[in-house]
Amino acid sequence: MKISTVATTPFAGQKPGTSGLRKKVKVFSQPGFLENFVQSIFDNLVGQQGQTLVLGGDGRFFNDVAIQVILRMAAAAGFGRVLVGQNGILSTPAASAVIRKHRAFGGIVLSASHNPGGPDGDFGIKYNLANGGPANETFTEAVYKRSQSIAEYRIAEADDIDLGCLGETSIGGMVVNVIDPVSDYLELLESLFDFERITALLARPDFRMRFDAMHAVTGPYARTILEGRLGAPAGTVVNGTPLPDFGGGHPDPNPVYAADLVAALADPASGLSFGAASDGDGDRNMIVGRGFIVSPSDSLAVIAANYRLVPAYAAGISGVARSMPTSCAVDRVAAELGVPAYETPTGWKFFGSLLDAGKVTFCGEESAGTGSWHVREKDGLWAVLYWLNILARRDESVEQIVREHWRHFGRNVYSRHDYEAIDTEKAEALMNGLRQKLPTLAGQTYEGMRIEAADDFCYTDPIDGSQSEKQGIRLLLEGGSRVVFRLSGTGTEGATLRVYLERYVADPAEHDVPVKTALAPLVRLAVSVADIPGITGRNAPDVIS
Ligand code: G16
């Protein structure tokens, strides 16, 4: 095998964000950009010689090109074997499952998650460790540092591998194993859920579901698992063929971008009783009942509260974790169950150490992610099957289950307002302005609500002691309400300001007050304390979820 050493110079901005490096395809396809970043990852590995790497992505535009480059660079880096998904496809949770099952050294996942794809869309890359989870901040910082001083990358000279055919081939001494992207993942899910009961539920004439794969990676997974293994009628999975540009859509399973699904569930004529969707790379989920959308924070709480109904978890749970901006609904469940609830910064990577240490069973985020110890990523189809398992055991609708949950625990009314593509300097100025105000905010009353505490969230990992600062500004109000401000770490255009709003409502008589009405005073507080219009020039958010 001939290996070329290619001279290169650093690209500015190869700093991984909340979940790996995400940039426009046009940025990634500049000569050397991808190679520099991959080499910066490999330069930070120790002991990969002869070991196994897992490789795959969500099939978005540039996935096919990047996979071939990474295969050649993996050969040059001395890996002994690469397990690569057929046609370069592996959903993010499936990649995690494959890394863990095959005891791989690590994995490279190609995805920009829910961001749009196509030649003008986004691309992304991240490194996962041997536990199957995204590399921690210490590693991603080291990768960034390396990328800023890199002078050369190494690549094997070889032809493209045919990724359409399952089986073994090689690049020099490195074996390339093209694997079925679904089978290991299906086997794992089968070990967790009551497939027999779910099959019976899906066969009931009064139960009809729709799964919207949004032209993204979960299409083949959902078809094999829901329509194949669990016997749901053909046509249950819609938009099930992964397309490099996601059919021109925005593969983010929320009420804005999965509006068709929401509308179908709201229409009695559709006969649908359960709807679900997943995102570009299959780690996010949305759960919809008949005319009823389950918020991600509530979904996490319901999942935790119903653990006794699901075979893999029925023996007991050790704890739960949520990202800081996620609503505190799951904390109330944990308190009743007598298990700890952890609050981590945004980013699934922060759950890894807690899961590895056996401290938590379930984790979740407001950004439509839920998961458990079964992998080290959030897992869209896992959440869908979990809900199906609950529905198969409780003869109630999605809405009845959530309302019953609220009656018991109270309702954490919740919403997120996103101001997208703001000028980065203005966004920084807004956050710095809030930081400066922090010492004076506690004790002040706005809109009749008293701010009890205000801080910039700082996290110390309870397992490894690592610290992460400046993870979001929190205003904690009396009665359990909260307003949180942070800048997204996944966007590729300017900055996205996220404002998270939460109000705890104990009285069931108030559970039906529309979210917008219930949160209106908090919105006014947020807009005024941060001076959003004054600093950004924006009078309304772009997306409300
Ligand atoms: C990633 C992270 C999540 C995070 C989400 C949104 O998800 O893995 O932990 O909640 O981004 O992050 P931000 O608010 O910084 O944009 P995904 O699905 O995009 O990989």
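Sequential numbering from 1 along the given sequence is applied to the chain's residues. Whatever order the structure lists them in is the order used to number ligands and atoms, beginning at 1.
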### Message
For ligand 1, which is the ligand I care about here, please tell me if Trp348 has any N or O atom under 3.5 Å from one of the ligand's N or O atoms.
### Response
yes

### Query
So, Ser147 versus Asn36: side-chain donor-acceptor pair below 3.5 Å or not?
no

### Task
Could you check atom 6 (C) of ligand 1 against the protein and tell me its nearest heavy-atom contact, residue, atom and distance included?
Arg284 NH2, 3.7 Å

### Message
If we count only N and O atoms by modelled type, under 3.5 Å, do the side chains of Ser353 and Asp461 hold a donor and an acceptor together?
### Response
yes

### Message
Does this structure show an ion pair linking Arg416 with Glu366, if we count only N-O contacts that are shorter than 4.0 Å?
### Response
yes

### Query
Touching ligand 1 at all, Arg22? Heavy atoms, strictly under 4.0 Å?
yes

### Query
Considering only heavy atoms, does Asp283 approach ligand 1 within less than 4.0 Å through its side chain, its backbone, both, or neither?
side chain

### Query
In ligand 1, which numbered atoms sit nearer than 4.0 Å to a non-hydrogen atom of Thr346?
4 (C), 10 (O), 12 (O)

### Task
Take atom CD of Glu493 as the centre, draw a 6.0 Å sphere, and report whether it contains more than 12 heavy atoms from other residues, nucleotides or ligands.
no

### Query
So is Arg486 close enough to ligand 1, meaning a heavy atom under 4.0 angstrom away?
yes

### Task
For atom 10 (O) of ligand 1, grab the closest protein heavy atom and report residue, atom and distance to one decimal in Å.
Ser367 OG, 2.7 Å

### Message
Any salt bridge linking Asp456 with Arg435? Criterion: basic side-chain nitrogen under 4.0 Å from a carboxylate oxygen.
### Response
yes

### Query
Are Tyr221 and Ser278 side-chain neighbours, meaning at least one heavy-atom pair lies under 4.5 Å?
no

### Summary
Of all protein heavy atoms, the one nearest atom 3 (C) of ligand 1 is Glu365 OE1, 3.1 Å

## Note on the structure
min-distance protein heavy atom vs atom 11 (O) of ligand 1 -> Thr490 CG2, 3.3 Å

### Query
Any idea how Phe28 and Phe33 line up, ring-wise: parallel (<30°), tilted (30 to 60°), or perpendicular (>60°)?
perpendicular

### Message
Is the contact between Ser113 and ligand 1 made by the side chain, the backbone, both, or neither, using heavy atoms and a 4.0 Å cut-off?
### Response
side chain

### Summary
Arg498 heavy atoms within 4.0 Å reach ligand 1 at atoms 13 (P), 14 (O), 16 (O)

### Message
With no hydrogens and no angle check, just 3.5 Å: does a side-chain donor-acceptor pair link Arg322 and Tyr342?
### Response
no

### Query
Between Asp252 and Arg284, is there a side-chain N and carboxylate O pair less than 4.0 Å apart?
yes

### Task
May I ask whether Ser323 places a heavy atom under 4.0 Å from ligand 1?
no

### Numbering as shown, the atoms of ligand 1 that approach His114 to under 4.0 Å (heavy-atom distance)
19 (O)

### Message
Pairing donors with acceptors under 3.5 angstrom, does anything connect the side chains of Ser372 and Tyr313?
### Response
yes

### Query
For Lys349, is the nearest heavy atom under 4.0 Å from an atom of ligand 1?
no

### Task
Using a 4.0 Å heavy-atom threshold (strictly under), name the region of Thr18 that reaches ligand 1: side chain, backbone, both or neither.
side chain

### Message
Can you confirm, on distance only, whether ligand 1 has an N/O atom lying under 3.5 Å from any N/O atom belonging to Gly489?
### Response
yes

### Query
At what distance is the nearest protein heavy atom to atom 8 (O) of ligand 1, and which residue and atom is it?
Lys378 NZ, 3.0 Å

